[in-house]
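Counting convention: from 1, in listed order, for ligands and their atoms alike. Keep in mind that what you see is a predicted model, and the values were worked out from it rather than measured.
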Amino acid sequence: MEYSELGKPPVSSMRVQPHLADPLTARRGFRWERLYRELDWLPGGHLNMAHECIDRHCKGEKAQRVAMLWEGKNGEEERYTFAQLRDETNRFANVLKGLGVQKGDRVFIYMERVPELYISLFGALKLGAIVGPLFSAFGPQPVKDRLLDSGAAVLVTQPHLRRNIAGILPDLPELKHIIVVNKNQRDKAPLPSGDLGYEELMAGASPQFDVARTSMYDYSVMHYTSGTTGKPKGVVHRHLAVVQQYATGRWVLDLHADKDIYWCTADPGWVTGTSYGMFAPWSNGVTQVIYEGGFGPSAWYQAIQKYRVTVWYTAPTAIRMLMKAGDELPGRFDLSSLRYLNSVGEPLNPEAVMWGVKVFKMPIHDNWWQTETGAILIGNYLAMPVRPGSMGRPIPGIVAGVLDDEYNEVPPGTEGNLAVRPGWPAMFHTYWRNQEMYNSRFRKGWYITGDRARVDKDGYFWFVGRADDVIKTAGHLVGPFEVESVLIEHPAVAEAAVIGKPDPLAYQIIKAFVALKNGYEESEALRQDILRHARQRLQSIAPRELEFRPSLPKTRSGKIMRRLLKAQELGLPVGDTSTLED
Ligand code: ATP
Ligand code: MG
């Protein structure tokens with residue numbers, strides 16, 4: 001990349017620890033166990049995420065600090081202090097206990113982003129249940145697949161979502177209880193027989209609860225992956241994950257309980273929405289904004305202005321959509337509270353990092369992790385210069401490497417399989433009921449991530465593409481990210497995805513799919529202009545074909561599904577599309 005490094009950002013007031021300045025050298029001798037001391041723990045060496053995120057803050061006056069600033073779809077507002085969250089989650093734990101729910105049972109949550117989602121999730125953790133959040137925009141089939149696969153015993157939901165999935169319920173023999181949250185009485189129809197009313201159950205439940213003495217190795221959360229490359233897998237996490245979520249909340253997101261208002265835009269149905277929309281901020285005692293409404297450039301800027309958000313964690317697709325909405329729009333809001341911007345989920349194009357500098361006067365910090373890793377492993381943190389287009393460097397305690405196809409490490413500058421030495425605290429413990437697939441992810445002492453990357457001589461990692469998306473053309477192995485990043489530098493291009501298309505001479509040629517920014521019209525001249533721009537920058541690895549699309553197919557977590565574009569192009573079966581956006 002020819003972007004030069006962005007200058008060192010203002011030094012944070014956080015206690016900069018020596019190893020943060022140079023994670024590469026400092027990881028030698030680093031021990032996660034040292035961080036264990038910063039958590040509270042339960043008597044007898046037990047660890048429960050809900051205790052670390054809520055109850056530990058309820059000693060003394062900290063208990064009255066606001067944990068959640070909630071804004072509903074229709075502008076409703078609610079706030080909860082840590083003490084209120086403690087009482088409500090205790091109530092819900094008692095509700096589950098009263099229903100006979102046991103440690104290790106699966107409690108699934110299929111709700112919009114309302115406070116009761118958070119209360120029921122943490123209440124279930126307090127009891128020692130395994131929680132499974134489901135994205136509220138899922139239709140019946142994806143919900144059924146996940147409830148069946150996990151053998152969920154309890155489903156917590158809302159009336160309109162309950163109606164959505166009525167047809168699948170007879171097919172779920174292990175599902176014993178459905179609890180319906182009738183928020184704001186907006187749907188007061190009588191409950192279907194057998195269903196339980198959340199409000200009634202909570203009214204009769206005590207706010208005192210003795211948090212389950214879970215071990216750090218007990219299961220806490222299970223998440224199905226985004227389904228970008230295939231059928232989603234049930235990734236199982238342990239209570240121990242909170243150690244790393246807490247640490248990365250400080251190191252990478254620079255969260256401070258005394259000064260920050262944090263907003264993570266991810267839905268709790270995806271791992272970012274729990275690891276960084278619940279566990280990282282609350283284990284750090286930080287106030288967070290929870291915004292129920294969907295994406296909208298003005299609405300989002302408005303939320304930042306209204307709540308005086310300081311630290312923001314979002315995703316490349318959202319950033320590209322904000323870019324598409326224009327550079328003037330942010331100027332109509334007071335966004336001066338923002339001090340630190342972060343992104344995850346897909347590669348962040350250098351153009352987007354630079355847009356942050358232009359519009360917000362600060363770069364967007366990219367970081368990398370997966371559902372399987374449970375927490376951030378590689379990041380551009382505040383204490384180091386950002387290299388636009390790079391995912392950053394491994395956090396302390398993480399040894400990442402780039403391996404060839406025989407799983408041997410390759411030198412800096414060479415592309416290969418991104419791998420990590422196992423044993424970090426937030427590492428997943430299995431794929432639910434699929435130990436074989438779990439085992440297949442480990443080779444020669446490495447966890448194989450399924451992504452391709454290279455590392456530069458300074459230890460910054462550069463994403464190349466998912467192993468499944470890499471294109472072989474005329475003797476080159478090409479990562480889609482590099483080509484797409486050049487395409488979106490063209491002023492007319494909002495989003496781009498490239499695939500390999502079989503070709504008798506070149507093995508594959510690169511075909512691009514492009515969505516245009518507002519104000520641009522599709523035309524042959526524009527198509528040629530974009531292809532010319534790409535040829536100038538990429539030469540032999542430039543796309544040969546380009547097709548305009550109004551938008552690109554994405555998962556509900558906002559990731560471009562190249563496999564779908566490829567299947568459509570080649571007339572092949574499209575595979576699992578349960579997570580595809582409408
Ligand atoms: P599935 O495994 O079902 O195909 P998924 O991999 O999209 O779905 P997630 O666990 O939500 O499911 O996504 C993790 C993946 O997202 C990473 O493996 C990587 O491909 C991509 N990703 C996340 N953050 C970044 C980043 N900063 N840069 C590049 N890619 C990223
Ligand atoms: Mg994956």
Side-chain angles (χ1 to χ4, degrees), residues 133 135 142 145-146 221-237 248 252 266-276 313-319 342-350 352-353 364-381 386-395 400 417-420 426-428 431-432 434 437-438 440-441 447-454 460-470 479-482 484-485 553-564 575-581:
F135 188 47
D145 290 347
R146 287 158 181 76
V221 182
M222 58 186 292
H223 267 291
Y224 286 82
T225 55
S226 294
T228 316
T229 51
K231 194 172 165 50
K233 312 162 271 273
V235 174
V236 183
H237 290 287
T248 49
V252 186
D267 189 274
W270 312 112
V271 72
T272 308
T274 56
S275 294
Y276 293 94
Y313 196 17
T314 188
T317 298
I319 295 166
N342 298 272
S343 164
V344 73
E346 282 195 299
L348 184 65
N349 314 86
V353 179
I364 302 168
H365 291 64
D366 186 20
N367 51 67
W368 177 93
W369 58 293
Q370 309 177 300
T371 310
E372 288 87 342
T373 72
I376 297 168
L377 297 193
I378 297 176
N380 288 281
Y381 1 118
V386 171
R387 292 190 180 174
S390 162
M391 320 192 276
R393 294 198 289 187
I395 62 161
N417 298 295
L418 177 63
V420 186
M427 185 173 125
F428 70 137
Y431 288 120
W432 187 255
N434 200 345
M437 184 188 274
Y438 176 81
S440 74
R441 300 293 295 264
Y447 164 69
I448 311 298
T449 66
D451 288 340
R452 291 180 66 86
R454 69 191 145 75
Y460 282 77
F461 281 74
W462 300 76
F463 184 80
V464 170
R466 291 162 181 272
D468 294 0
D469 290 338
V470 168
F481 176 50
E482 186 180 1
E484 291 161 3
S485 287
K554 294 190 205 73
T555 64
R556 291 199 176 275
S557 53
K559 298 168 192 238
I560 295 172
M561 268 180 163
R562 291 174 195 80
R563 72 174 161 99
L564 196 79
D576 187 298
T577 52
S578 63
T579 61
L580 184 69
E581 251 181 7

Side chain, backbone, both or neither: which part of Q370 comes within less than 4.0 Å of ligand 1 when only heavy atoms are counted? both

Looking only at protein heavy atoms, which one is nearest to atom 11 (O) of ligand 1, and how far off is it? S226 OG, 2.7 Å

Can a donor-acceptor pair be found, under 3.5 Å and without considering hydrogens, that links the side chain of T373 to the backbone of Q370? yes

For E372 and K233, what are the C-alpha separation, side-chain angles and deciding distance, and is it a side-chain contact (heavy atoms from CB on, under 4.5 Å)? CA-CA 10 Å; E372 288 87 342; K233 312 162 271 273; 3.8 Å; yes

Taking only heavy atoms of D366 into account, list the atoms of ligand 1 that are under 4.0 Å away from them. 26 (C), 27 (N)

Examine R146 relative to Y224 and say whether NZ or CZ is less than 6.0 Å from the centre of the six-membered ring and inside a 45° cone about the ring axis. yes

Return the closest protein heavy atom for atom 29 (C) of ligand 1 as residue, atom name and distance. P347 N, 3.2 Å

Which of these, E346, K231, R452, has its nearest heavy atom closest to atom 26 (C) of ligand 1? E346

Heavy-atom proximity to atom 14 (C) of ligand 1, picking from E372, M561, K559, points to K559

Proximity of D451 to ligand 1 by residue part, where a heavy atom lies under 4.0 Å: side chain

Side chain, backbone, both or neither: which part of K233 has a heavy atom under 4.0 Å from ligand 1? side chain

Roughly how far, to the nearest 0.5 Å, is the CE atom of M222 from the OG1 atom of T371? 12.0 Å

Please verify the inter-ring angle class for F481 with F463; under 30° counts as parallel, over 60° as perpendicular, anything in between as tilted. perpendicular

Proximal atoms of ligand 1 relative to V344 (non-hydrogen, under 4.0 Å): 24 (N)

Is it true that Y276 and T248 share a donor-acceptor pair across their side chains at a distance under 3.5 Å? yes

salt_bridge(E346, K554) N-O dist < 4.0 Å: no

Looking only at non-hydrogen atoms, the one of T579, T229, D468 nearest atom 4 (O) of ligand 1 is T229

Out of N367, L348, T228, I560, the nearest non-hydrogen contact to atom 27 (N) of ligand 1 is supplied by N367

Per-residue contact class, W369 against ligand 1 - non-hydrogen pairs under 4.0 Å: backbone

Is any side-chain heavy atom of P553 less than 4.5 Å from a side-chain heavy atom of E581? no

Can you tell me the protein heavy atom closest to atom 10 (O) of ligand 1 and the distance? T371 OG1, 2.5 Å

Exercise: do S557 and T555 side chains pair donor with acceptor under 3.5 Å: yes

Spacing of W369 atom CH2 and I376 atom CD1 [to the nearest 0.5 Å]: 7.0 Å

Answer side chain, backbone, both or neither: which part of F463 comes under 4.0 Å from ligand 1, heavy atoms only. side chain

Tell me the protein heavy atom at minimum distance from atom 22 (N) of ligand 1, and give that distance in Å. G345 O, 3.3 Å

Test of understanding: given a 4.0 Å heavy-atom threshold, classify the contact between T555 and ligand 1 as side chain, backbone, both, or neither. neither

Does G227 have a non-hydrogen atom less than 4.0 Å from ligand 1? yes

Looking only at protein heavy atoms, what sits closest to atom 6 (O) of ligand 1 is R466 NH1, 2.9 Å

Protein contact to atom 25 (C) of ligand 1 [nearest heavy atom, distance to 0.1 Å]: W368 CD1, 3.5 Å

So how far is it from R562 CZ to T228 OG1, rounded to the nearest 0.5 Å? 9.0 Å

Looking at R466 and D451, would you say the former's side chain and the latter's main chain have a donor-acceptor pair under 3.5 Å? no

